[in-house]
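Just below is one structure, and these are the notes that go with it.
Proteins come first, then strands; the chains are lettered A, B, ... in the order of their sequence lines, and each starts at number 1. FYI, side chains are in, hydrogens and waters are out, and symmetry mates aren't considered; it's all heavy atoms of this structure. From a predicted model like this one, the values you see are computed outputs, not experimental measurements.
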2 protein chains.
Amino acid sequence: MAEATLQSQTRADEAFDCLQTAIVTGELGPGEKIGELELCSRFNLTRGPLREALGRLESRGLLVRRPHAGVKVVSVSASELLELYRIREVMEGLAARQAAERMTDEEISELQATLDSHEAMIEEAQGQAYYQAEGDYDFHHRIATGSRNAKLAQMLLGDLYYMVRMYRYRLSTSAGRPHLALGEHRRIVEAIAHRDGELAEFLMKRHINAARQNIEKKIEEGVLTI
Amino acid sequence: MAEATLQSQTRADEAFDCLQTAIVTGELGPGEKIGELELCSRFNLTRGPLREALGRLESRGLLVRRPHAGVKVVSVSASELLELYRIREVMEGLAARQAAERMTDEEISELQATLDSHEAMIEEAQGQAYYQAEGDYDFHHRIATGSRNAKLAQMLLGDLYYMVRMYRYRLSTSAGRPHLALGEHRRIVEAIAHRDGELAEFLMKRHINAARQNIEKKIEEGVLTI
DNA sequence: GCCCTCTATATTGTCAACAATATCGGACTT
DNA sequence: AAGTCCGATATTGTTGACAATATAGAGGGC
């Protein structure tokens, strides 16, 4: 059962965190219809703050709400998931370009360290897709932040990633190509370290495009059903 | 005083619409601190639905909220406004490409008709920047919808445009270059009509880039202070 | 036997009172 | 006289009760 790890400032924030993690981890599955009272007892909340959190989550597209009829977790179809990757392609391309122009040298060092630890994870824990996915998330997270574009980071971290992660827990995006993905990450960081924004953008777009094609292939093979 | 033009399904929706239009039209200016009770009396609401609406607006980045301290309208700096245009550049570029691939012939005809009426507006009402801005908005709105990419349209129409429009009411984006902008719009539609997605993306990116540079220039000249 | 209608119920939407906290003003100290 | 501490006040956060509506089930009609 998901709980707010760090005591949030307000009950509504707590509710928001609880629900968001519950949705992302799959504790609340896509398409699942959920009642307010059930959520209240489950997360020890009252309906006021809960409803506020529901409103925020609806506005972010993680829930769909029909007046007087209840609320259910959004269920993204296969084609919609692929469309999400088209958006990521252009937005993260921009993020990579701006990160190359604006990241501090220290941030770049940390980014390289992130990749080192990611590589270690792949070596020792060969099959643990979960940690690979987390490493991947960390990498993209740092670049989004490094873009120094507040709205861009907000849209990526606050909207897109949560929707992608919702499925990553089931399908582990880069599964089957961890070494490939790592190599692509390394080349992106190289471009950023050389302050070559244009190249960083190009490589990031190609990286995400490859991830998208990987998912598309698996769907065609029927390996993963969404 | 802004009111919900069409009776919304629920009071919270009504509150959301009221506040959103009030912010976009400038009735609630950037940086303005607003009390809940004041808003309640102003829009004939009670605090419950109002707070739900405030949560949604905060989540969309139109408001900033500090616990126990109140809520104030977000104030976007000049540099942040320019960053917004960087995001628009890549996202609307994608929208134009997908629109070229997916719009129906009928939608394309309607798009051309939109430009015709926009041209008529420019001819007869030379200085009415407001209507020019609305025509501009309509054009970009149709392309976002035409992309058939639900999340992309949601992010553009639900997030970015409201923030841009918030300033458009003051600075009228394409002021000074209505004929130029119209010509650019025409060439984008031509590319879409020829189903040339790549060209449509290129032209759209250049179009928004030009708009950004226009704003940048005005800011440097000190013509508009944000 | 199937479909439609109507009602009972459970769930959501709304409201007004209560509790907790940040801000502002005044008094005191240095 | 300036800065700091403290408390009164107003605002926000929360709670539980009330009202409105959609859903489901039973009953009747075709």
Side-chain angles (χ1 to χ4, degrees), chain A residues 2-20 22-23 27-75, chain B residues 2-20 22-23 27-75:
Chain A
E3 299 228 351
T5 50
L6 190 57
Q7 196 81 354
S8 302
Q9 290 192 311
T10 180
R11 301 287 278 172
D13 293 336
E14 190 186 333
F16 182 75
D17 291 341
C18 283
L19 284 172
Q20 184 156 325
I23 291 170
E27 190 179 324
L28 295 173
E32 187 172 338
K33 185 179 169 295
I34 46 185
E36 290 187 4
L37 61 92
E38 186 196 331
L39 292 175
C40 286
S41 63
R42 196 154 155 185
F43 298 111
N44 270 38
L45 294 163
T46 57
R47 287 185 56 215
L50 180 86
R51 285 181 60 81
E52 217 175 299
L54 290 177
R56 286 197 241 175
L57 288 164
E58 185 198 14
S59 160
R60 291 201 178 185
L62 284 172
L63 296 177
V64 275
R65 225 169 163 186
R66 237 176 37 193
H68 296 281
V71 61
K72 70 177 208 273
V73 180
V74 75
S75 73
Chain B
E3 299 226 352
T5 49
L6 191 56
Q7 196 81 354
S8 301
Q9 290 191 310
T10 180
R11 301 286 279 173
D13 294 335
E14 190 185 333
F16 182 75
D17 292 340
C18 283
L19 284 172
Q20 186 156 355
I23 291 170
E27 189 179 324
L28 295 173
E32 186 172 339
K33 186 178 168 295
I34 45 185
E36 291 187 4
L37 61 90
E38 187 196 330
L39 292 175
C40 287
S41 63
R42 195 151 155 187
F43 298 111
N44 268 39
L45 295 163
T46 57
R47 286 186 56 216
L50 179 85
R51 285 181 60 81
E52 218 175 300
L54 290 178
R56 286 198 241 176
L57 288 164
E58 185 198 13
S59 161
R60 291 201 177 182
L62 284 172
L63 296 177
V64 273
R65 226 169 163 186
R66 237 176 35 193
H68 296 282
V71 62
K72 71 178 208 275
V73 180
V74 75
S75 74

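- In terms of the salt bridge (charged side-chain N to carboxylate O under 4.0 Å, His left out) criterion, B:E32 has no residue partners (sequence neighbours excluded).
- Dashed line: the shortest gap from a side-chain N or O of B:T10 to OP1 or OP2 of C:dT12 is not under 4.0 Å.
- In terms of the side chain to side chain contact (heavy atoms under 4.5 Å, CB included) criterion, residue partners of B:V74 (sequence neighbours excluded) are, by chain and number, B:V76, B:M163, B:M166.
- A:G55 approaches B:R56 most closely through the heavy-atom pair O-CG, 3.5 Å.
- With sequence neighbours left out, the salt bridge (charged side-chain N to carboxylate O under 4.0 Å, His left out) criterion links B:R51 to A:E52, B:E36.
- Note on A:R51: every side-chain N or O is 4.0 Å or more away from OP1 and OP2 of C:dT12.
- Rounded to whole Å, the distance from CD1 on A:I34 to P on C:dT12 is 9 Å.
- B:F16 places its CZ atom 16 Å from the P atom of C:dG13, with the value rounded to the nearest Å.
- Between A:L50 atom CG and C:dT11 atom C1' the separation is 13 Å, expressed in whole Å.
- Axis angle between the ends of the helix from C:dG1-D:dC30 to C:dT30-D:dA1, five pairs each and rounded to 10 degrees, works out to 20°.
- Looking at heavy atoms from C-beta onward, A:V64 lies out of side-chain contact with A:V73 at the 4.5 angstrom threshold.
- Look at CD on B:E38: it is 14 Å from C1' on D:dA10, rounded to the nearest Å.
- For the pair B:E36 and A:L45, nearest-nucleotide mapping onto DNA chain D gives the more 5' position to B:E36.
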Produce a footprint string for nucleotides 16-23 of chain C: one letter per nucleotide, 5' end first; B if the base is under 4.0 Å from any protein heavy atom, S if only the sugar-phosphate is, - if neither.
S----SSS
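- Summarising the geometry, the separation between CD on A:E52 and P on D:dG13 is reported as 7 Å, rounded to the nearest angstrom.
- With respect to the salt-bridge test (charged N to carboxylate O, under 4.0 angstrom), the residues A:D13 and B:R65 do not qualify.
- A salt bridge links A:E27 to A:R42: at least one charged side-chain nitrogen sits closer than 4.0 Å to a carboxylate oxygen.
- The interatomic distance linking A:K72 (NZ) with D:dT23 (P) rounds to 11 Å, in whole Å.
- Distance A:R11 CZ to D:dG16 C1': 14 Å, rounded to the nearest Å.
- Partners of A:Q20 under the side chain to side chain donor-acceptor pair (under 3.5 Å) rule, at least two apart in sequence or in another chain, are A:Y162.
- Between B:E38 and B:F43, every side-chain heavy-atom pair lies at or beyond the 4.5 Å cut-off.
- In this structure, B:L37 places its CG atom 11 Å from P of D:dA10, rounding to the nearest Å.
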